[in-house]
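What follows is a single structure, written as structure tokens, with notes after it.
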Amino acid sequence: PIVKPTKTKMGGVNGKDIFMKETEKYKSNGDFPILVAVHEYELIKSHNDAVTDPSEKFCGDDASLFDRLEAIYKQAVEETSLPLVECTYPAVIMTKYGSLTAEEKEAFTSSLVQAIVLQDGLHHHKLKNNEDYAQSFGGTEADSKNEKDAAEMLRGSLQAAEETDPILRPPNITHGFEHAELRNTGKWSKYMGGSGCYMYIHNLTRDIVSIRPEEYTEDEVSKIVDTSPKEEIDPANGIKRVHLRDLPDEVDRIVNELKRTPLIIDCSTEQAVRSFYEYKAILEDVSCLSVPFGKSGLKREDVMERCRKKLVAALKTGNTFAFYLGHVTIEHADFKTKLCKKDCFPKETFVGAGSKLLQVDKFTPLYREADLEQGQAITRDGFRVVVISSLDPHKYEELLADSIPLGYMTPVYVNY
């Protein structure tokens with residue numbers, strides 16, 4: 001057992017030394033928990049040295065400091081193997097964040113910003129379609145509880161969002177100095193909120209404000225003004241652009257007004273469209289087809305059977321079926337003439353957002369015995385199909401024209 005020091009007026013110094021001596025016997029836990037405890041001690045010492053009022057000091061005696069470091073040590077042991085996004089204790093977060101490279105810090109911050117943009121977009125789409133939100137993305141309110149859940153994701157209260165994405169979970173802050181040090185250690189980022197106004201989020205505290213924080217600085221790259229003439233290149237290649245938050249409305253327009261299948265092009269590294277549909281729809285990812293069998297070990301017939309099951313599930317529940325291609329091209333998969341079969345994955349899936357599949361008498365072979373309800377092949381209102389590709393808008397037609405029936409589709413390019 002650790003020998004706890006008696007309460008003294010030594011300012012906590014002995015408490016730290018005794019703790020460090022006692023934890024030598026726990027080397028099996030590795031060095032990380034001790035590094036975290038030392039980091040915590042430095043933070044406490046810095047705070048106590050800066051305050052003049054004794055009542056504002058934190059763990060000012062040996063015994064309370066020992067208790068604090070012991071608790072932090074145990075917390076660090078629990079979170080040693082966790083990724084940074086899942087850590088909750090400030091000292092652990094700061095220690096792990098400090099060990100990242102500049103590129104890793106940027107990737108972590110980018111993931112956080114993308115997550116909050118997605119959640120904020122879901123919330124504002126709910127507000128915009130308040131009268132019948134459950135129909136905005138396919139399915140009825142009773143059939144799709146996720147439609148209701150999306151409304152709870154406003155960043156002002158993260159309870160629902162935290163369960164969906166741990167990166168949005170705020171740290172477990174117990175004292176003001178922890179919050180201050182987290183802000184000093186991390187950085188602020190700017191993003192476009194769902195309301196159309198710029199917002200600022202801190203990557204470690206998860207604080208969100210609408211007024212620019214004093215600590216916020218624009219990236220140095222953005223400050224460089226290049227006056228040399230450049231030929232403007234349209235990244236969308238003339239395809240209609242929509243913000244992620246407006247994507248559901250544009251999908252509704254393509255399906256309901258144009259009677260066509262949306263082909264959503266998302267070239268971002270974050271692939272937020274895929275994440276959005278993974279939450280909001282029944283998604284099948286066939287991007288594995290771009291990997292040779294020798295590496296993936298997946299047979300094409302197994303992939304297509306997986307597609308059939310997801311397609312039937314969407315038909316039966318009246319949900320959206322999202323067909324995620326990723327970087328798949330004709331070089332990897334020929335759906336038009338080889339992979340699409342009436343009893344597995346009909347080519348009509350790509351026509352009119354899959355509306356022809358609702359003529360269940362013509363597509364009964366798509367169903368298996370286990371799929372039937374009281375011996376009947378069932379479909380429900382709200383079913384639709386969207387296709388998602390990660391290909392360059394300047395090349396997608398050339399690379400997909402012989403793979404899927406592009407003539408029945410309307411492309412849309414997603415901005416962030």
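This structure is a prediction, so every number in the text was calculated from the model and none was measured.
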- Message: Working to the nearest 0.5 angstrom, can you tell me the gap between I404 CD1 and L263 CG?
- Response: 5.5 Å
- Task: Using atom types as modelled and distance alone, determine if a side-chain donor or acceptor of R368 lies under 3.5 Å from a backbone N or O of P365.
- Result: yes
Listing, residues 89-99 side-chain donor-acceptor contacts under 3.5 Å, not counting sequence neighbours, or none:
residue: T95; atom: OG1; partner: A91; partner atom: O; Å: 2.7
residue: K96; atom: NZ; partner: E79; partner atom: O; Å: 2.8
residue: K96; atom: NZ; partner: T80; partner atom: O; Å: 3.0
residue: K96; atom: NZ; partner: L82; partner atom: O; Å: 2.4
residue: Y97; atom: OH; partner: N203; partner atom: ND2; Å: 3.1
residue: S99; atom: OG; partner: K96; partner atom: O; Å: 2.7

- Query: In Å, rounded to the nearest 0.5 Å, how long is the span from CD of E40 to CG of L65?
  - Reply: 9.0 Å
- Message: A side-chain contact here means heavy atoms from C-beta on lying under 4.5 Å apart; do L400 and I330 qualify?
- Response: no
- Is the count of non-hydrogen atoms from other residues, nucleotides or ligands lying under 6.0 Å from K347 atom NZ greater than 12? no
- Task: Would you indicate whether K105, at its atom NZ, is surrounded by more than 12 heavy atoms from other residues, nucleotides or ligands within a distance under 6.0 Å?
- Result: yes
- Message: Tell me if a side-chain donor or acceptor on D302 pairs with a main-chain N or O of L298 at a distance below 3.5 Å.
- Response: no
- Message: Going by salt bridge (Lys or Arg N to Asp or Glu O under 4.0 Å), name the residues that satisfy it together with D371, two or more places apart in sequence or in a different chain.
- Response: R308
- Atom of T205, atom of P171 and distance for their closest heavy-atom approach: O-CD, 3.5 Å
- Message: Looking at E373, I'd like to know if its CD atom is crowded, meaning that more than 12 non-hydrogen atoms belonging to other residues, nucleotides or ligands lie closer than 6.0 Å.
- Response: yes
- Item | Qualifying residues under salt bridge (Lys or Arg N to Asp or Glu O under 4.0 Å), relative to R212, sequence neighbours excluded | none
- Check for a donor-acceptor pair, side chain of H202 on one end and backbone N or O of R183 on the other, with a separation under 3.5 Å. yes
- Message: Check this for me: Y408, atom OH, are more than 12 non-hydrogen atoms of other residues, nucleotides or ligands nearer than 6.0 Å?
- Response: no
- Can any side-chain N or O of K240 pair as donor or acceptor with the backbone N or O of P411 at less than 3.5 Å? no
- Item | Donor-acceptor pair, side chain of H332 and main chain of T329, under 3.5 angstrom | yes
- Task: Grab the two heavy atoms, one from R169 and one from T88, that are nearest each other, plus how far apart they are.
- Result: CD-CG2, 4.1 Å
- Item | Within-4.5 Å side-chain heavy-atom neighbours: I116 and L168 | yes
- Task: Would you please name every residue forming a ring pair (Phe, Tyr, Trp, His ring centres under 6.0 Å) with F323, sequence neighbours left out?
- Result: F335, F345, F350
- Decide yes or no for V303 and C288: does some side-chain heavy atom of the first lie under 4.5 Å from some side-chain heavy atom of the second? yes
- Query: Hey, mind stepping through V414 and I264 against side chain to side chain contact (heavy atoms under 4.5 Å, CB included) and telling me if it holds?
  - Reply: CA-CA 7 Å; V414 178; I264 305 167; 3.5 Å; yes
- Strictly by modelled atom types, are S64 and D67 linked by a side-chain donor-acceptor pair under 3.5 Å? no
- Q271 meets the side chain to side chain donor-acceptor pair (under 3.5 Å) criterion, sequence neighbours left out, with Y324, S390
- Message: Testing the basics here: between A281 and N319, what is the closest heavy-atom pair and its distance to 0.1 Å?
- Response: CA-OD1, 3.9 Å
- Query: Charged N to carboxylate O below 4.0 Å: is that the case for R68 and E178?
  - Reply: yes
- Note on the structure: Rounding to 0.5 Å, atoms NZ (K309) and CD (E284) come to a distance of 10.5 Å
- Taking the side chain as C-beta and beyond, is there a heavy-atom pair between P393 and C267 under 4.5 Å? yes
- Which distance, rounded to the nearest 0.5 Å, do you find between the NZ of K341 and the CG of L366? 13.5 Å
- Message: Would you say that V312 contacts F363 through its side chain, given a criterion of any heavy-atom pair below 4.5 Å between the two side chains?
- Response: no
- Which residues pass the ring pair (Phe, Tyr, Trp, His ring centres under 6.0 Å) test with F58, sequence neighbours left out? H175, F177
- When every non-hydrogen atom of P262 is compared with those of V385, the smallest separation belongs to CD-O, 3.5 Å
- Message: Is the shortest side-chain heavy-atom distance between S189 and Y216 below 4.5 Å?
- Response: no
- E104 vs L84 side-chain heavy atoms within contact, under 4.5 Å: no
- If you round to the nearest 0.5 Å, how far is CD1 of I72 from CD1 of I44? 7.5 Å
- Message: Could you tell me if D234 and H394 have a donor-acceptor pair between their side chains, going purely by distance under 3.5 Å?
- Response: no
- Do any pairs count as a salt bridge (Lys or Arg N to Asp or Glu O under 4.0 Å) and have a residue in residues 254-274, sequence neighbours left out, and if so which ones? R274-E278, R274-D285
- At what distance, to the nearest 0.5 angstrom, does CG of N172 lie from SG of C87? 12.5 Å
- V36 vs F32, side chain to side chain contact (heavy atoms under 4.5 Å, CB included): CA-CA, chis, key distance, verdict: CA-CA 6 Å; V36 173; F32 178 75; 3.5 Å; yes
- Item | Side-chain touch V209/M199, heavy atoms, less than 4.5 angstrom | no
- Item | Any residue meeting side-chain contact (heavy atoms from CB on, under 4.5 Å) with K57, in chain and number order, not counting sequence neighbours | N48, V51
- Should T261 and R384 be marked as a side chain to side chain contact (heavy atoms under 4.5 Å, CB included) after you check the CA-CA gap, both sets of side-chain angles, and the distance that decides it? CA-CA 8 Å; T261 302; R384 58 174 60 175; over 6 Å; no
- Who pairs with E301 by side-chain contact (heavy atoms from CB on, under 4.5 Å), at least two apart in sequence or on another chain? K299
- Partner residues of D49 under the salt bridge (Lys or Arg N to Asp or Glu O under 4.0 Å) criterion, sequence neighbours left out: K45
- Task: Indicate yes or no for a side-chain donor-acceptor contact from T349 to the backbone of P346 under 3.5 Å, with no hydrogens or angles considered.
- Result: yes
- R253: salt bridge (Lys or Arg N to Asp or Glu O under 4.0 Å) partners, not counting sequence neighbours: E250
Would you give me the side-chain donor-acceptor pairs under 3.5 Å for residues 352-360, sequence neighbours excluded?
residue: S355; atom: OG; partner: G352; partner atom: O; Å: 3.1
residue: Q359; atom: OE1; partner: K362; partner atom: NZ; Å: 3.2

- Item | Stepwise side chain to side chain contact (heavy atoms under 4.5 Å, CB included) check, I201 with D207 | CA-CA 6 Å; I201 183 170; D207 291 336; over 6 Å; no
- With a cut-off of under 6.0 Å to the ring centre and 45° to the axis, is K190 in cation-pi contact with Y198? yes
- Closest non-hydrogen atoms of F321 and A314, given as atom of the first, atom of the second and distance, are CB-CB, 3.8 Å
- Query: Just by modelled atom types, is the A107 backbone N or O under 3.5 Å from a matching donor or acceptor in the S111 side chain?
  - Reply: yes
- Query: If you look at every heavy atom in S210 and Y200, which pair is closest and at what distance?
  - Reply: O-CE1, 3.9 Å
- So with a 6.0 Å cut-off around CD of E86, is the heavy-atom count from everything else above 12? yes
